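Working notes, structure below.
Worth knowing before you read on, the calculation uses all heavy atoms, side chains too, and leaves out hydrogens, waters and symmetry mates. The structure displayed is predicted, hence computed values, not measured ones. Every chain is numbered from 1 and lettered A, B, ... according to where its sequence line falls, protein lines coming before strand lines.
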Amino acid sequence: MLHTPIKFVAFNTNEKILRILVRILKRGASWECSGIAQIEQVQSALEDKPDVLVIGVGGQEQYVAQWTNYCETQGIHIIHHYGGGSGLLFNSIQAYLDQKEQSS
Amino acid sequence: MKQVLHLAQERGSANHGWLNSHHSFSFANYYNPQKMNFGLLRVLNDDTVAPGMGFGKHPHDNMEIISIPLQGDLEHEDSMGNKAVIREGEIQAMSAGTGIFHSEYNASKSDQVKFLQIWIFPREKDVAPRYDQIVLPDLSKANTLHQVLSPNPDDAGIWVHQDAWFNMGTFDNGASQSYDIKRSNNGVYAFIIDGSFEIEGQKLGKRDALGLWETDTIQIKSLEAGSRLLLIDVPMNFS
């Protein structure tokens, strides 16, 4: 998992948690991550075509709906992140990679 | 009625020396796509922590986190200024909401602490973080289910931001009890803490679990003296 190149965008309005998320999402040898705390900046980050959008604290419903629609058209996977640290995040990334492998 | 059986020995496990953990559902390095959750119950970790050791400061958000010590005492400190020891016979609930940092250590320098940590997806996201702990009712009164958690602050037990109810009880050999599921669209995850039970015809030993849903009532029978179980009654989805 850690050797598969993945480009993440992580959104979380809790900046302390965002810093930790970004650190975790750079743990893979070929993982890249942009951390965003301002909700208005997410859409432009999505236009850089990341592989995965990680949504955490502060994801207001109308924005999430807008991102979901956009991501579906662009093939960007969405992870709704709960829990804070890596306990569930690595599971969600593994599930994404499984899904990607099955569809290819 | 639908059901899923999770045997104790089929759980994920991780032994880090200071921490020996058994995961009922996928967690950290344990990943089993067939075991991601039971409804909105996402994590049930059965942890043993060495004396004086523990989990350093780490974050949580948007999760209802419940800790139940089974043996020994757990020391908790968080970014809201709470510092407490949760003892055997108590229950702790934390609504992580918009974000909380906390640490958890074995409060003893000489004895292990064993505890269950349970994570449930919240009913609503981004709530104000909160922390609570209470003394459980006297669970030594045998053959009775005691409610230890609910969604209602005025109801028995601790409360969380989810339509979830926990019940615990200790039973004599042969004692029977029925349990009515609290809400339509909820299911029950029955986790055997000690001893053995027969639930809806399924025999279960220590740390086995049976998830049941699309039913209103379940039948429980203890198969040995001192058998103890935890019933986790949770919504099966977000609707």
Side-chain angles (χ1 to χ4, degrees), chain A residues 1-4 6 10-25 27-28 35-39 42 54-65 67-68 77-103, chain B residues 12 14 16 19 21 23-37 40-45 47 55-66 78-80 94-104 117-129 160-162 238:
Chain A
M1 179 172 83
L2 292 170
H3 296 286
T4 306
I6 310 175
F11 166 74
N12 198 309
T13 54
N14 185 319
E15 294 196 25
K16 281 185 181 174
I17 293 180
L18 179 61
R19 280 198 291 275
I20 291 168
L21 273 178
V22 169
R23 198 174 70 221
I24 294 169
L25 292 171
R27 200 173 284 174
I36 295 175
Q38 304 299 322
I39 202 163
V42 173
V54 179
I55 303 173
V57 169
Q60 295 167 26
E61 216 167 290
Q62 71 273 21
Y63 281 94
V64 173
W67 302 335
T68 302
H77 184 81
I78 293 179
I79 291 175
H80 290 273
H81 175 60
Y82 300 82
S86 58
L88 302 189
L89 190 53
F90 279 11
N91 271 199
S92 298
I93 294 168
Q94 188 61 60
Y96 155 68
L97 291 174
D98 280 4
Q99 186 186 317
K100 192 176 165 187
E101 192 178 308
Q102 281 165 14
S103 63
Chain B
H16 302 284
L19 167 68
S21 187
H23 311 303
S24 295
F25 303 100
S26 296
F27 189 84
N29 294 322
Y30 168 60
Y31 175 70
N32 178 344
Q34 305 305 314
K35 289 188 177 178
M36 296 302 286
N37 58 296
L40 301 190
L41 167 63
R42 177 61 185 85
V43 172
L44 200 175
N45 288 344
D47 290 347
F55 304 88
K57 193 171 148 190
H58 60 279
H60 290 284
D61 62 64
N62 284 321
M63 195 63 84
E64 301 298 302
I65 298 166
I66 300 104
D78 67 42
S79 52
M80 292 183 289
M94 202 169 67
S95 300
T98 53
I100 184 171
F101 283 72
H102 79 143
S103 62
E104 296 161 294
Q117 188 161 92
I118 299 159
W119 296 13
I120 295 175
F121 291 113
R123 192 193 301 117
E124 52 188 317
K125 292 179 84 174
D126 298 349
V127 299
V160 294
H161 289 283
Q162 186 50 272
F238 279 106

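Contact of the A/Leu88 side chain with the B/Met63 side chain is registered, since non-hydrogen atoms from C-beta on lie closer than 4.5 Å. Residues B/Phe101 and A/Ile17 have side chains in contact (heavy-atom distance under 4.5 Å, counting atoms from C-beta outward). You'll find the side chain of A/Thr13 stays beyond 4.5 Å of the side chain of B/Asp126, heavy atoms only. The shortest distance between side-chain heavy atoms of A/Tyr82 and B/Arg42 does not fall below 4.5 Å.
Closest heavy-atom contact between B/Ala28 and A/Asn91: O-ND2, 3.1 Å. Of all heavy-atom pairs spanning B/Gly97 and A/Val57, the tightest one is O-CG2, 3.9 Å. Closest non-hydrogen pair, A/Asn14 versus B/Gly99, comes out as ND2-CA, 3.6 Å.
In this structure, no portion of B/Phe25 lies under 4.5 Å from any heavy atom of chain A.
To the nearest 0.5 Å, the span separating CG on B/Asn62 from NE2 on A/His81 amounts to 9.5 Å. We find the OG-NZ distance between B/Ser79 and A/Lys16 to be 7.0 Å, quoted to the nearest 0.5 Å.
Within 6.0 Å of atom CD in A/Gln62, more than 12 heavy atoms from other residues, nucleotides or ligands are found, so the atom counts as buried in its surroundings. Other residues, nucleotides and ligands contribute at most 12 non-hydrogen atoms within 6.0 Å of the CG atom of B/Asn29.
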